Every structure is written in C-alpha cells, then in structure tokens.
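First the structure, in the form of structure tokens, and then the observations on it.
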Protein chains: 2
Amino acid sequence: MRNEEYSGWEDVRAEALRRIQSRAWAPGALIPSEEEFARELSCARTTVNRALRSLAEEGLLIRKRRAGTRVAELPQRAAKLNISLVAEEIRARGASPSHLCILQDSRPLPSHIAAAMSLPVAAPLIYVETLHLADARPFAFETRFINPQSVPAAREADFASVSANEWLLRHAPFNHGTLDYSARPAEAEAAEALGCAPQTPTLVLDRVTHGPEAAITWVRMAYAPDYHLTMKL
Amino acid sequence: MRNEEYSGWEDVRAEALRRIQSRAWAPGALIPSEEEFARELSCARTTVNRALRSLAEEGLLIRKRRAGTRVAELPQRAAKLNISLVAEEIRARGASPSHLCILQDSRPLPSHIAAAMSLPVAAPLIYVETLHLADARPFAFETRFINPQSVPAAREADFASVSANEWLLRHAPFNHGTLDYSARPAEAEAAEALGCAPQTPTLVLDRVTHGPEAAITWVRMAYAPDYHLTMKL
DNA sequence: TGAATTGATATGTATGCACAAATAAGAAGT
DNA sequence: ACTTCTTATTTGTGCATACATATCAATTCA
C-alpha cells in the first residue's frame, strides 16, 4: 500500500467525483486515461477501471474505447423507483399495512386493457378488487386482471390473506413490465372505497407485467388523494 | 478457453439468471459459492463474482460474506426514472420541444417552499414561470424559485432562449435532490397556460435540488391533463 | 450458563499480466 | 477527393493470486 489515501476503488471514485463536482474536470472534457490516472494515484489500472465504470454507470462519465473518458455535459442522474409491493411502501411510510379483498371473480377483458396486455379479448381473466389500508385508513384502491394462462395456480388462490400483489410476486415473478402514472378523477367505486368525493384528482398507476411468454397481470392502483410519490435523486 | 459457452461474465450472469427464473435455484435458497460455481463453469472466481455482483445490484440475489449468496425471496426490480430535462422528455415522445418564459422576477419565498428548500423565508429568490410546449401544444407549466446564493450567475441569466431547467443543469449541477409526484386540481394560472379547465386533475411534480452547500432550486411542473409518466420495469 | 475468543468460510477487493474489442487517426492506394 | 487498409490507443475483460473483511459456528473461559 504505497499511498494511504487512494488504496481502494471507492477512494479513487471519490477523488474522480471530487474533480468532476469541483469542475477541475470540466463538463465535456477528456479526463486522464486509466493508465495515467492509475499512475498518478499509485494504484492498479484495474482499480481505476472499477471506479470510473461505477461513475459511468451513474451517467457522470461517458466512456468510449480509444476515444477515452469524458465528463458528461448534462449530468443526468436517474431516480430509482421501487414500488413492487404496496405493503412495503406503506411500511416505509411508518404505517401498518393491511388489505381488504373486496371482490374476486372471472370476467372478460375490456378491450383497452386487452391491448395493454397484448392479449385477445376472448378468454375471461381473473378479476380482483382490493383496498389497501395504512393504519386502517384507505391508502389505495386496486383493480386487477390476472391471466390464468400464465399463472394457473391463481384460479385457486385466495387473496384475502395474502394480497394478490404479493401472491403473484412469489408465484409468478415477472421478466419485464411497464409502469404508467397519470392524474385522473376518481371513479365512483374508487371514490367510495377511498372515502373521497367522486372526481377528486387521484394519482393512478397502471402496471402491466409480463412473464417469459405472455402477460401475467394488469393492475390499476388509484391512490388516496393525499398520496405523494417521492423519490431521491 | 475450455468451455465455449461460459467464457465471459455476461454468459455466467445469463446462466445464473436462467437458473433463478427457471427456479432451479429456488427463491430464498443458497446458491453455490463463487468457487464452486466457477469450477462448474470452468472460469475464474473473479468472473463469477462480476456476474453475481451484477445480479445482486439488481436485487435478484442477496449476498453476504461468509453466509453466501441467496436468491431474493421477493425479487423486486427498480424502475429507473430519468427526467432531468423536459426538452429531452418531449423529444423522446417524438415531438419538438419549445418553451415560453412567461415571467421572471424576484420575490419572497412562500413558507411551505422555504421549508422544502431548507431556506429562511427572508431573502427573496428569483422566480420564473415557463410554459413548455411539445409541437406547439402545451405540455407542462413550470413555476420555479432559484436560490441566487447558490447560483449567483442566475441573476443575469435570460431564460427565454435556454430554459431555466437546462441553464441550471449546465451551470449548477446538483449533488442530490428529491422528487415528489402528486395529483392535484389545476390552479387558475396553470389551467390557463395549459388550456384546460380549472380544477382539472393534473399530474404535478415538485422537485428540489441541492448543491454542495444549500438548495439550488425548487420547481413545480404541472403537466397537461393527458400526460402519462411511463417507465419500464 | 453466558460472554468472549478463536477459527473457518464466503464474499470483497487489489494487483499484474495478457489479450480482446472498438475506433480515431493516419497511410496507402484508386 | 474518396475509399480502404493499417496502426495505435484506450477501454473492456479474464485469470491467478493474495490478502481483507464480515460473520457464522464452535470453543474457551469466567
């Protein structure tokens, strides 16, 4: 360990970050090559590589073979959104989660949802309505279609004890999916469940998740009017 | 290269992912140690480490020293949200971005915003109202406070040509910040700018960004009623 | 019995080396 | 001028090795 200060890749990363934020390395400018920087900090090139790769993954650096590494002109940092489980989200807010399975049956798919799921309208899907509560206060009203072709076991599932949300994550983890947030006036059913006036603006999340072959589920979460979706940047 | 199939860490990663998704490695179960797995695939432990680390970063694996690596019980994948620049967002939707700087002055900070920015109410901040357009149609109405303490150059800036959004990203990149989405009835001014009826539900984003010392800016974006925030999962 | 120590084990990381891959820039040929 | 080929440079990755670090588990000691 020749240099006490830059022994690990996280130290190298921190030093590079310092130079970026202090503008010692200007936006758009070429920074020293891995080899040079390694020599300067008396560490191995591998270590520098690890550090710079980490910064590149966060969008602060742009790296190209032969062309070198540049500081991103418009450092855009991505916010991470992790809301796969409503119950977790409620717990994270310091409240105690619970849910009521209001209704569970089987019905044909409305055409606009069929399109979102890339499924034919023909076969009926499992339909579930759930009210999520935080400390016994309405938190979100969930309407969901489940494709039994993708998850046969869902026919026999009982979503009163375990929410459909969690049940599906455990039994049919998805490969990919899409999220869609919008602001919409509360529909009659949702308004009643959430205890607010109809037409009250609510934040609505539509989520479709897909398994290896076909869509697993479509879900719409209508959040209570005071809901805020917050993220760190 | 003894084994054609598992030469690189991405191949190792793919194989591990296959075993997770096929449930050959059950949720919650311990998977082989790096050494074992490396032996099985005839590659170096470093390579396996790289692959498994990548899966762990995505939340599919839980790794602990001495305790080994387990498949996450509830594989939760995070959606990435990248909306630092309105203009980019509009372009990504296939439209042509433009903006109108409606008003630019200096005024005292409302107390609830002061709280969000962790600033005293006393000193007046720069205030800017902007309408963002996509193909000449209203896209979002922006109200913004800028802290001249953090960005002195903002006093002389002209936000008619370059939007405050982009100007700030170029001149005062932030260290961290918070995002807050909610659904709110359109306020009179926003409704007029967006060309919709007052009280129409709109998706509203409140964003605070901080520099190394103090807050840089607070901005509220009220999106047009047909706006959808979409992400991949 | 219970707390502290010790050892074993899996992951985390640093290093030197080699080679692969991408590509910018220059050289050569038309 | 224009295309094609070559070369050099930079990042990307693999491997063997060594040691660091966290932590589970057994053992020792009070």
Side-chain angles (χ1 to χ4, degrees), chain A residues 1-20 25-73 75, chain B residues 1-17 19-20 24-73 75:
Chain A
M1 205 191 296
R2 265 172 288 186
N3 188 326
E4 273 301 333
E5 312 195 74
Y6 304 113
S7 39
W9 70 269
E10 298 203 69
D11 301 313
V12 175
R13 191 199 125 99
E15 173 60 15
L17 186 58
R18 198 188 60 72
R19 296 192 189 187
I20 293 167
W25 290 343
L30 209 56
I31 75 167
S33 78
E34 295 185 348
E35 213 170 29
E36 275 179 88
F37 199 36
R39 220 179 307 123
E40 184 190 340
L41 303 184
S42 331
C43 68
R45 183 172 77 89
T46 337
T47 308
V48 171
N49 181 286
R50 180 84 164 80
L52 298 187
R53 192 207 318 147
S54 153
L55 290 169
E57 274 165 7
E58 286 174 39
L60 276 83
L61 294 176
I62 314 284
R63 322 193 71 204
K64 265 166 66 185
R65 288 177 176 171
R66 158 81 211 203
T69 302
R70 293 176 177 281
V71 179
E73 297 258 7
Chain B
M1 205 191 299
R2 264 172 288 185
N3 190 327
E4 272 301 333
E5 312 195 74
Y6 304 114
S7 37
W9 70 270
E10 298 202 68
D11 301 313
V12 174
R13 190 199 126 99
E15 172 61 14
L17 186 58
R19 295 192 191 188
I20 294 167
W25 289 345
L30 210 57
I31 76 168
S33 78
E34 295 185 346
E35 212 170 32
E36 275 179 88
F37 199 36
R39 221 179 305 124
E40 186 190 339
L41 303 185
S42 331
C43 67
R45 182 171 79 87
T46 348
T47 308
V48 171
N49 182 286
R50 180 82 162 83
L52 298 187
R53 193 205 322 144
S54 154
L55 290 169
E57 274 166 7
E58 286 175 39
L60 275 81
L61 294 175
I62 315 283
R63 320 194 72 203
K64 265 164 66 183
R65 290 179 177 173
R66 157 78 209 200
T69 302
R70 295 179 176 278
V71 180
E73 298 258 8

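All chains are named by letter (A, B, ...) in the order of the sequence lines, taking the proteins before the strands, and each is independently numbered beginning at 1. Please read these numbers as outputs of a predicted model, since none were measured by experiment. Only this structure's heavy atoms are used, side chains among them; waters, hydrogens and symmetry mates stay out.
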Can you tell me if [X] touches the phosphate of [N], counting only side-chain N or O atoms and a distance under 4.0 Å to OP1 or OP2?
X: B/Thr46; N: D/dA16; answer: no
X: A/Asn49; N: D/dT11; answer: no
X: B/Thr69; N: C/dA10; answer: no
X: A/Arg53; N: D/dG12; answer: no

Whole-Å gap separating [atom2] ([N]) and [atom1] ([X]):
X: A/Glu10; N: D/dA20; atom1: CD; atom2: P; result: 17 Å
X: A/Glu57; N: D/dG12; atom1: CD; atom2: P; result: 10 Å
X: A/Glu35; N: C/dT15; atom1: CD; atom2: C1'; result: 14 Å
X: A/Glu34; N: C/dA21; atom1: CD; atom2: C1'; result: 14 Å
X: B/Leu41; N: D/dC15; atom1: CG; atom2: P; result: 10 Å
X: B/Arg39; N: D/dC15; atom1: CZ; atom2: P; result: 15 Å
X: B/Trp9; N: C/dC19; atom1: CH2; atom2: P; result: 23 Å
X: A/Arg13; N: C/dA14; atom1: CZ; atom2: P; result: 13 Å

**Request:** Just compare C/dT15, C/dA10, D/dC15 and give me whichever is closest to any side-chain atom of B/Ser33.
**Result:** C/dA10
Min side-chain heavy-atom separation [X]-[Y] under 4.5 Å:
X: B/Ile20; Y: B/Leu61; value: yes
X: A/Trp9; Y: A/Cys43; value: no
X: A/Ile31; Y: A/Leu52; value: yes

**Prompt:** If you round to the nearest 0.5 Å, how far is CD of B/Glu58 from CZ of B/Arg13?
**Reply:** 4.5 Å
**Prompt:** In terms of the nearest nucleotide of DNA chain C, which residue is placed more toward the 5' end: A/Ala44 or B/Glu36?
**Reply:** B/Glu36
**Message:** Give the residues of residues 58-66 of chain B touching DNA chain C, defined as any heavy atom closer than 4.0 Å, sorted by residue number.
**Reply:** B/Arg63, B/Lys64, B/Arg65, B/Arg66
**Request:** Enumerate the residue pairs fulfilling salt bridge (charged side-chain N to carboxylate O under 4.0 Å, His left out) with a member in residues 25-38 of chain A, sequence neighbours excluded, ordered by first and then second residue.
**Result:** A/Glu34-A/Arg45, A/Glu34-A/Arg63
**Prompt:** Can you find a donor-acceptor N/O pair under 3.5 angstrom joining the side chain of A/Arg45 to the base of D/dG12?
**Reply:** yes
**Request:** Carefully, step by step, assess A/Glu15 and A/Arg18 under the rule salt bridge (charged side-chain N to carboxylate O under 4.0 Å, His left out).
**Result:** CA-CA 5 Å; A/Glu15 173 60 15; A/Arg18 198 188 60 72; 3.0 Å; yes
**Nearest atoms (heavy-atom pairs only) where A/Leu30 meets A/Ala67** = CD1-O, 3.4 Å
